[in-house]
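Please read the structure below before turning to the comments.
Whatever order the structure lists ligands and atoms in, that order sets their numbers, starting from 1.
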Amino acid sequence: MYYTVSKGPQGAPVLVLVHGAGGSRLLWPPQLRRLPGATVYTLDLPGHGRSGGPACDTVTGYAGAIVAFLDELGITRAVIAGHSMGGAIALTLALDFAERVAGLVLVATGARLRVAPAVLDGLHADFAGAVEFLNRLTWSEISPVLLERGRQALLEAGTAVLMNDLTACDRFDVMERLGEIAAPTLVVAGSADLLTPLKYTRFLAERIPGARCEILEGAGHMVMLERPVEVARAVREFLNAKNP
Ligand code: COA
């Protein structure tokens, strides 16, 4: 797996950033990839960005790939931050590999991520059209720069990878298991998120024991790119509170 690392001071918390469906490490803003006071690993999931290997079609498959990544780098425990499908992967790690998870940052995600059948069907019938539709739902504001960035990311991912990822999302469901999570958790989302609505965020915040929740008014599904400074501040405060 391809990754970049931004080293923090000795003893700094280790943060691993996990992107969402059809994404890559570049969908995390620099403010998080180079978060001061932390050692941050930002990775491309298998089959994405510069990473080799096929994409998985289950969230547990991706969670296994991250455990292998942590093993390879000799990282025993890390705070796992995941966006959307990456959040599903982070939740799975916290449930099934709890000893490896020092904390959870769940960004614009949910405990269940059903995908509208029209989106899955559309990927095969008209890939460019499905990408356009998904991309429009992804952003709260129609910023031409961000829209183009999102469109390019999805087009580069391609039909097979996006299909695998959305299938993985569609199969994911840990709604009944959130009470088992022991890791300190921060939940972050935009109030105008159309892909993982606020209801999903509230569910996470209410069911994960002791979870903190930060809602950014007006932000959409790509809350970390729409509001990088505020999201980075929330993560930094969370890490500081965890490691006084
Ligand atoms: N957290 C809290 N509640 C959730 C949830 C979550 N993660 N996921 C689903 N639910 C709730 C729903 O709100 C619904 O509640 P209701 O019965 O009170 O209305 C119930 O659980 C069942 O929902 P769901 O399993 O999603 O089935 P559905 O038949 O209601 O809807 C979809 C299916 C696909 C239309 C719907 O999930 C959807 O619109 N998803 C978002 C759009 C999308 O495709 N996003 C993914 C793109 S990457």
Side-chain angles (χ1 to χ4, degrees), residues 18-24 27 45 47-48 55-62 82-92 94-95 104-140 146-147 149-151 153-181 185-209 211 213-215 219-226:
V18 186
H19 63 77
S24 79
L27 292 185
L45 287 169
H48 297 70
C56 302
D57 63 2
T58 60
V59 167
T60 48
Y62 283 127
H83 172 248
S84 199
M85 181 184 78
I89 298 166
L91 282 163
T92 302
L95 287 165
L104 272 184
V105 179
L106 302 173
V107 183
T109 189
R112 176 176 163 110
L113 295 175
R114 288 286 306 282
V115 178
V119 171
L120 291 172
D121 295 344
L123 280 179
H124 279 304
D126 171 15
F127 181 62
V131 161
E132 202 57 40
F133 176 70
L134 263 182
N135 196 38
R136 290 269 165 196
L137 295 178
T138 294
W139 306 95
S140 72
L146 290 179
L147 261 183
R149 190 160 162 188
R151 182 185 295 115
L154 291 171
L155 289 174
E156 276 167 28
T159 313
V161 167
L162 204 51
M163 192 68 198
N164 272 15
D165 285 357
L166 294 183
T167 302
C169 288
D170 199 47
R171 292 171 169 165
F172 176 72
D173 185 354
V174 295
M175 285 179 78
E176 301 300 325
R177 297 187 62 198
L178 295 180
E180 298 169 35
I181 292 178
T185 300
L186 170 68
V187 183
V188 181
S191 66
D193 190 329
L194 297 174
L195 287 179
T196 49
L198 211 47
K199 178 177 182 180
Y200 293 11
T201 297
R202 294 220 167 93
F203 191 86
L204 290 172
E206 281 162 17
R207 301 289 179 99
I208 297 176
C213 185
E214 185 101 23
I215 307 288
H221 190 58
M222 288 291 179
V223 58
M224 69 290 188
L225 281 172
E226 291 187 2

If you measure from [atom1] on [X] to [atom2] on [Y], what distance do you get to the nearest 0.5 Å?
| X | Y | atom1 | atom2 | answer |
| --- | --- | --- | --- | --- |
| Leu198 | Phe203 | CG | CZ | 14.0 Å |
| Asn164 | Leu123 | CG | CG | 10.5 Å |
| Leu134 | Arg136 | CG | CZ | 12.5 Å |
| Leu225 | Trp139 | CG | CH2 | 5.0 Å |
| Cys56 | Ile89 | SG | CD1 | 8.0 Å |
| His48 | Glu156 | NE2 | CD | 12.0 Å |

Can you find a protein heavy atom closer to [atom] than 4.0 Å?
| atom | value |
| --- | --- |
| atom 3 (N) of ligand 1 | yes |
| atom 37 (O) of ligand 1 | yes |
| atom 7 (N) of ligand 1 | yes |
| atom 30 (O) of ligand 1 | no |
| atom 22 (C) of ligand 1 | no |

Check this for me: Phe127, atom CZ, are more than 12 non-hydrogen atoms of other residues, nucleotides or ligands nearer than 6.0 Å? yes
Hey, is CZ on Arg177 packed in by over 12 heavy atoms from elsewhere, all under 6.0 Å? yes
Could you identify the single nearest non-hydrogen protein atom to [atom] and state the distance to 0.1 Å?
| atom | value |
| --- | --- |
| atom 48 (S) of ligand 1 | Leu166 CD2, 3.6 Å |
| atom 47 (C) of ligand 1 | Leu195 CD2, 3.7 Å |
| atom 16 (P) of ligand 1 | Lys199 NZ, 3.7 Å |

Close approach of [X] to ligand 1, heavy atoms, under 4.0 angstrom:
| X | result |
| --- | --- |
| Val115 | yes |
| Ala21 | no |
| Met175 | yes |

Looking at His221, Arg114, Glu206, Met85, the heavy atom closest to atom 27 (O) of ligand 1 belongs to Arg114
Going by heavy-atom distance to atom 5 (C) of ligand 1, choose the closest among Tyr200, Phe133, Phe203. Tyr200
Is a side-chain donor-acceptor pair under 3.5 Å present for His124 with Thr159? no
Report yes if some heavy atom in the side chain of Arg171 is under 4.5 Å from a heavy atom in the side chain of Asp57; otherwise report no. yes
Under 4.0 Å from a heavy atom of Ala111: which atoms of ligand 1 are those, numbered in the order shown and with their elements? 7 (N)
Short list, please: which atoms of ligand 1 are under 4.0 Å from a heavy atom of Ala116? 34 (C), 43 (C), 44 (O)
Using a 4.0 Å heavy-atom threshold (strictly under), name the region of Leu113 that reaches ligand 1: side chain, backbone, both or neither. neither
